[in-house]
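Here's the structure, in structure tokens; my notes come after.
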There are 2 protein chains.
Amino acid sequence: MYEKKIPKDFSCGMSITFEIIGGKWKPCLIDSINRGVRRPSELAKKHPLASKRVLNLQLKELEAYGVVRKIVYPVLPPKVEYFLTEVGESLLPLVTMMENWGSDFMDDFYKSQENMHTDPIVKEQF
Amino acid sequence: MYEKKIPKDFSCGMSITFEIIGGKWKPCLIDSINRGVRRPSELAKKHPLASKRVLNLQLKELEAYGVVRKIVYPVLPPKVEYFLTEVGESLLPLVTMMENWGSDFMDDFYKSQENMHTDPIVKEQF
DNA sequence: TTACATAGGGATAATATTATCCCCATACCA
DNA sequence: TGGTATGGGGATAATATTATCCCTATGTAA
């Protein structure tokens, strides 16, 4: 965490939603925790492309916003588990919908990447 | 546009969805265009907090991905209109859902910002 | 002793995104 | 001539986000 210098405008719902799930790995974390992957080490194995550092940071934010709850067992070696709160569960339909839309759009997406520079339509008459 | 150096991983739908609507003003633009605000100058007036520069950039990306279609009328002063494509319209339920979720969560959100540093739960017995 | 597993975070570098400012072109109007 | 409206973008600065590396702590097992 560091101090933000550009004040964020949270007047519309969209900006809040993005603040909550806008991190690179947050939706993945929510999904994984929901599927029963609860411990940090397990989450790290599940997302090898993400550094542990970032996963920790994003879990911390999710916890701060009440999306996940963290349970620390006072044992050694340490044991920690994350669970979705009610708020976190209420995000699941949204996360699912975003995942599904992206999957459906995937084919078009790759095509649009090929011809990235198409000319705009110019209407000659109107 | 500039060359990205960290290759993005578009293997899951979520990452694609974020690529499409992940910009700061993209959901706002999609929503506004859907509501009939089609011309760049109108969009700029509707979103005074955004610089025209960024709006242009994000409109360009939306166009490149086939979310909006740009129509240029060859007149002076210039006239341009943006419309949602089918793909763009298919995003509307998602955008609406994100907006609604954020609005519903808004109260909790402000509370969670007040006590941002809560202690994690420590289970003494398990 | 050494290594391992576990969870966490400091310090810094790299990259990505957005903000700011200022310029272009052109028809019209006063 | 000078100002206005319109759409667009270059150059650069500021900020935000993520990546990399490496260190802490501790009980257990080899």
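Nucleotide C:dT18 holds its P atom 14 Å from the NE2 atom of B:His47, rounded to whole Å. Per the geometry, CD belonging to A:Glu19 stands 12 Å off C1' belonging to D:dT17, to the nearest Å. One interatomic measurement links the two molecules: CG of B:Leu55 to P of C:dT17, which rounds to 17 Å at whole-angstrom precision. With rounding to whole Å, A:Lys79 atom NZ is found 19 Å from C:dC4 atom C1'. For the pair A:Asp9 CG and C:dT18 P, the computed distance is 15 Å after rounding to whole Å. If you measure from atom CD1 of B:Ile21 to atom P of C:dT17, you get 15 Å, rounded to the nearest angstrom. Here D:dT18 presents its C1' atom at 9 Å from CG of A:Leu57, a figure rounded to the nearest Å. Counting to the nearest Å, the P atom of D:dT6 and the NZ atom of B:Lys52 are 10 Å from each other.
At the phosphate of D:dA16, neither OP1 nor OP2 sits under 4.0 Å from any side-chain N or O atom of B:Lys24. Contact check, B:Lys70 against D:dG7: no side-chain N or O comes under 4.0 Å of OP1 or OP2. Contact check, A:Gln58 against D:dT18: a side-chain N or O comes under 4.0 Å of OP1 or OP2. Distances shorter than 4.0 Å separate none of the side-chain N or O atoms of B:Lys26 from OP1 or OP2 on C:dT17.
Residue whose closest nucleotide on DNA chain D sits further toward the 5' end, between A:Lys8 and A:Leu76: A:Lys8. Between A:Ser51 and B:Lys45, the residue anchored nearer the 5' end of DNA chain D, judged by the nucleotide with its closest heavy atom, is B:Lys45.
Within the structure, every pair that satisfies the salt bridge (charged side-chain N to carboxylate O under 4.0 Å, His left out) test and touches residues 25-37 of chain A, not counting sequence neighbours, is listed here: A:Lys26-A:Glu61, A:Asp31-A:Arg35.
For the salt bridge (Lys or Arg N to Asp or Glu O under 4.0 Å) test, residues two or more places apart in sequence or in another chain that qualify with A:Glu19 are A:Lys8. Among residues two or more places apart in sequence or in another chain, the ring-ring contact (aromatic ring centres under 6.0 Å, His included) test is passed with A:Phe10 by B:Phe109. Not a single side-chain hydrogen bond (donor to acceptor under 3.5 Å, both in side chains) links B:Lys46 to another residue, sequence neighbours left out. Not a single side-chain hydrogen bond (donor to acceptor under 3.5 Å, both in side chains) links B:Ser41 to another residue, sequence neighbours left out. Partners of B:Asp107 by side-chain hydrogen bond (donor to acceptor under 3.5 Å, both in side chains), not counting sequence neighbours: none found. Every residue two or more places apart in sequence or in another chain was checked for a side-chain hydrogen bond (donor to acceptor under 3.5 Å, both in side chains) with A:Ser15, and none qualifies. Listed by chain and number, the residues in a side-chain contact (heavy atoms from CB on, under 4.5 Å) with B:Pro40 are B:Val80, B:Tyr82 (sequence neighbours excluded).
Axis deviation across the helix from C:dT1-D:dA30 to C:dA30-D:dT1 amounts to 30°, comparing end segments of five pairs, rounded to 10 degrees.
Within residues 32-43 of chain A, no residue places a heavy atom under 4.0 Å from DNA chain D.
Among the nucleotides D:dT18, C:dA19, C:dA7, the one closest to the side chain of A:Val54 is D:dT18. When distances are taken from the side chain of B:Trp25 to each of D:dA5, D:dA19, C:dA19, the shortest belongs to C:dA19. For B:Asn56, taking side-chain heavy atoms from C-beta onward, the closest of the listed nucleotides C:dG8, D:dT26, D:dG9 is D:dG9. Between C:dA7, D:dG8, D:dT18, one nucleotide has an atom nearer to the side chain of A:Pro78 than all others, and that is C:dA7.
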Please tabulate, one pair per line, all N/O donor-acceptor pairs under 3.5 Å involving side-chain atoms of residues 86-100 of chain B, not counting sequence neighbours.
from     : atom 1 : to       : atom 2 : distance (Å)
B:Ser90  : OG     : A:Trp101 : NE1    : 3.0
B:Ser90  : OG     : B:Val87  : O      : 2.6
B:Thr96  : OG1    : B:Leu92  : O      : 2.9
B:Glu99  : OE1    : A:Gly13  : N      : 3.4
B:Glu99  : OE1    : A:Met14  : N      : 3.0
B:Glu99  : OE2    : A:Gly13  : N      : 3.2
B:Glu99  : OE2    : B:Ser103 : OG     : 3.2
B:Asn100 : ND2    : B:Thr96  : O      : 3.4

Table of protein N/O atoms under 3.5 Å from nucleotides 10-12 of chain D N/O atoms:
from   : atom 1 : to      : atom 2 : distance (Å)
D:dG10 : N7     : B:Arg53 : NE     : 3.3
D:dG10 : N7     : B:Arg53 : NH2    : 3.2
D:dG10 : O6     : B:Arg53 : NE     : 2.8
D:dA11 : N6     : B:Arg53 : NE     : 3.3

Worksheet entry | Step-by-step side chain to side chain contact (heavy atoms under 4.5 Å, CB included) determination, B:Phe18 to A:Lys24 | CA-CA 9 Å; B:Phe18 263 90; A:Lys24 186 166 179 176; over 6 Å; no
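The NE2 atom of B:His47 sits 15.0 Å away from the NZ atom of B:Lys52 when rounded to the nearest 0.5 Å. The distance from atom CD1 of A:Ile16 to atom OH of A:Tyr65, rounded to the nearest 0.5 Å, is 9.5 Å. Once rounded to the nearest 0.5 Å, the distance linking CG of A:Leu29 with CG of A:Asn34 reads 12.0 Å.
Note on A:Glu81: nothing from the nucleic acid sits closer than 4.0 angstrom, heavy atoms only.
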